[in-house]
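In what follows, a single structure is set out as structure tokens and then discussed.
The residues of the chain are indexed from 1 along the displayed sequence. Small disclaimer: the values here were computed from a predicted structure and weren't measured.
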Amino acid sequence: MSQTVDRALSILPLLAEGPADLGQVADRLGVHKSTALRLLRTLHEHGLVYRQSDQRYRLGARLFALAQEAMENLDVREIAHAHLVRLNERCGHTVHLAVYEENEVLYIDKVESRYPVRMYSRIGKPVAITVAAVAKLLLADLPEPERRALAEKLDYPMYTPRSTPHAAAFLQELAKVREQGWATDLGGHEESINCVAAPIRGADGRVVAAMSVSAPNVVVTADELLTLLPLVRRTADAISGEYSGRTPAEPT
């Protein structure tokens, strides 16, 4: 039975490459055409493959519907939380998770620092979109026209001398973040607070959320916080793998 299931599931990646006829499927599986036909008929009955008028098979609409339903029911916060807690236990600093919704970047999870000096961020509260590291990652992933249009309509408050001053500088920063795959806020919102962040990606490679580690200068310097970047990125990659279904849940 397990071999039959394995063979049937092996047909799906083949058809993801494009329509294939019975002979191609049999050759790829290394089985007789009658065996391949039996497997294809079963998948067809469940709507997972579809037989075209030219007798070739392609992926069925039911498969796409199941994938869409699964994606809609995924809760990135639920998947990420245990990873965020483990990261916090290792470094001791404040850990945030944020998403982009309706032109705002919002914190959806937070694990508090174990140090006495804490941040005043709150779950559900919008971040300072032009300076926050998580915001840079989420906006950097937008299509270029959308990214530019958003940048041009934002206000650019100068929270500190290190804040982003205008749209041109913001777009330049987003381009840099998009290329390097991580972001920082080194005193851009509060002079005494630094932050490093990494993206969480879905199965299609798009950024679905961003996570960060933040700490005040009195606890660690900016350079010391930056040494945590590899750990932050590994944690984000672990969440991405679990969220997208590429890897099972494992400790980071």
Side-chain angles (χ1 to χ4, degrees), residues 13 16-18 58-59 61 63-80 83 96-109 123-159 162-186 188-189 195-213 229 232-247:
E17 299 171 8
R58 60 172 170 80
L59 294 179
L63 186 64
F64 296 105
L66 288 171
Q68 182 63 33
E69 185 177 354
M71 290 300 298
E72 290 174 354
N73 289 328
L74 279 178
D75 183 346
V76 68
R77 180 184 181 277
E78 181 179 345
I79 291 170
H83 295 273
H96 287 109
L97 180 70
V99 296
Y100 178 62
E101 292 183 356
E102 298 180 358
N103 295 326
E104 289 187 324
V105 175
L106 307 169
Y107 289 128
I108 60 171
D109 202 0
I123 294 175
K125 181 181 178 181
V127 310
I129 198 167
T130 59
V131 292
V134 288
K136 294 173 187 177
L137 283 164
L138 290 159
L139 300 185
D141 192 62
L142 295 175
E144 197 275 336
E146 185 177 349
R147 194 164 69 241
R148 182 169 295 277
L150 178 63
E152 290 176 351
K153 71 180 182 182
L154 289 174
D155 294 323
Y156 292 87
M158 293 301 293
Y159 303 104
R162 294 184 177 181
S163 298
T164 308
H166 45 68
F170 191 48
L171 287 168
Q172 186 176 4
E173 176 71 6
L174 294 184
K176 174 184 173 183
V177 167
R178 187 180 179 94
E179 181 178 356
Q180 69 188 14
W182 50 274
T184 62
D185 169 15
L186 304 179
H189 188 218
C195 175
V196 294
I200 295 166
R201 300 181 184 275
D204 60 357
R206 297 295 306 275
V207 176
V208 297
M211 55 157 297
S212 64
V213 170
L229 181 59
V232 174
R233 298 186 75 179
R234 285 198 301 272
T235 301
D237 287 346
I239 298 169
S240 298
E242 189 175 344
Y243 180 81
S244 65
R246 294 193 304 269
T247 56

Which value, rounded to the nearest 0.5 Å, describes the distance between [X] atom [atom1] and [Y] atom [atom2]?
X      : Y      : atom1 : atom2 : value
Thr164 : Leu154 : OG1   : CG    : 10.0 Å
Tyr243 : Arg201 : OH    : CZ    : 13.5 Å
Ser212 : Lys136 : OG    : NZ    : 11.5 Å
Gln172 : His166 : CD    : NE2   : 9.0 Å
Leu106 : Ile123 : CG    : CD1   : 11.5 Å
Met211 : Ser240 : CE    : OG    : 9.5 Å

Can you see which heavy atom on [X] is nearest to which on [Y], and at what distance?
X      : Y      : result
Val99  : Ala209 : CG1-CB, 3.9 Å
Val208 : Gly202 : CG1-N, 3.9 Å
Ala98  : Leu138 : O-CD1, 3.9 Å
Ala236 : Pro199 : CB-O, 3.3 Å

Assess whether atom [atom1] of [X] is packed by more than 12 heavy atoms of other residues, nucleotides or ligands within 6.0 Å.
X      : atom1 : answer
Glu179 : CD    : no
Glu78  : CD    : no
Arg162 : CZ    : no

* **Trp182 vs Val232, side chain to side chain contact (heavy atoms under 4.5 Å, CB included): CA-CA, chis, key distance, verdict** => CA-CA 9 Å; Trp182 50 274; Val232 174; over 6 Å; no

Taking the side chain as every heavy atom from C-beta outward, state whether [X] and [Y] have any pair of such atoms under 4.5 Å apart.
X      : Y      : answer
Phe64  : Leu59  : yes
Thr235 : Val213 : no
Leu97  : Ile239 : no

* To do: Give a yes or no on whether the backbone of Gly188 and the side-chain of Ser163 come within a donor-acceptor separation of less than 3.5 Å.
  => yes

* Does any N or O in the side chain of Arg77 come within less than 3.5 Å of the main-chain N or O of Asp109, such that one atom is a donor and the other an acceptor? -> no

Show me the donor-acceptor pairs within less than 3.5 Å that the side chains of residues 124-131 make with the rest of the protein, sequence neighbours left out.
none

* How about His189 and Tyr159: are their ring centres within less than 6.0 Å of each other? -> yes

Per-pair distances, 0.1 Å, donor-acceptor, side chain in residues 140-147, under 3.5 Å, sequence neighbours excluded:
unit_1: Asp141; atom_1: OD2; unit_2: Arg206; atom_2: NE; d: 2.8
unit_1: Asp141; atom_1: OD2; unit_2: Arg206; atom_2: NH2; d: 3.4
unit_1: Asp141; atom_1: OD2; unit_2: Val207; atom_2: N; d: 2.9
unit_1: Glu144; atom_1: OE2; unit_2: Arg148; atom_2: NE; d: 2.9
unit_1: Glu144; atom_1: OE2; unit_2: Arg148; atom_2: NH2; d: 3.4
unit_1: Arg147; atom_1: NH1; unit_2: Ala140; atom_2: O; d: 3.4
unit_1: Arg147; atom_1: NH1; unit_2: Leu142; atom_2: O; d: 2.6

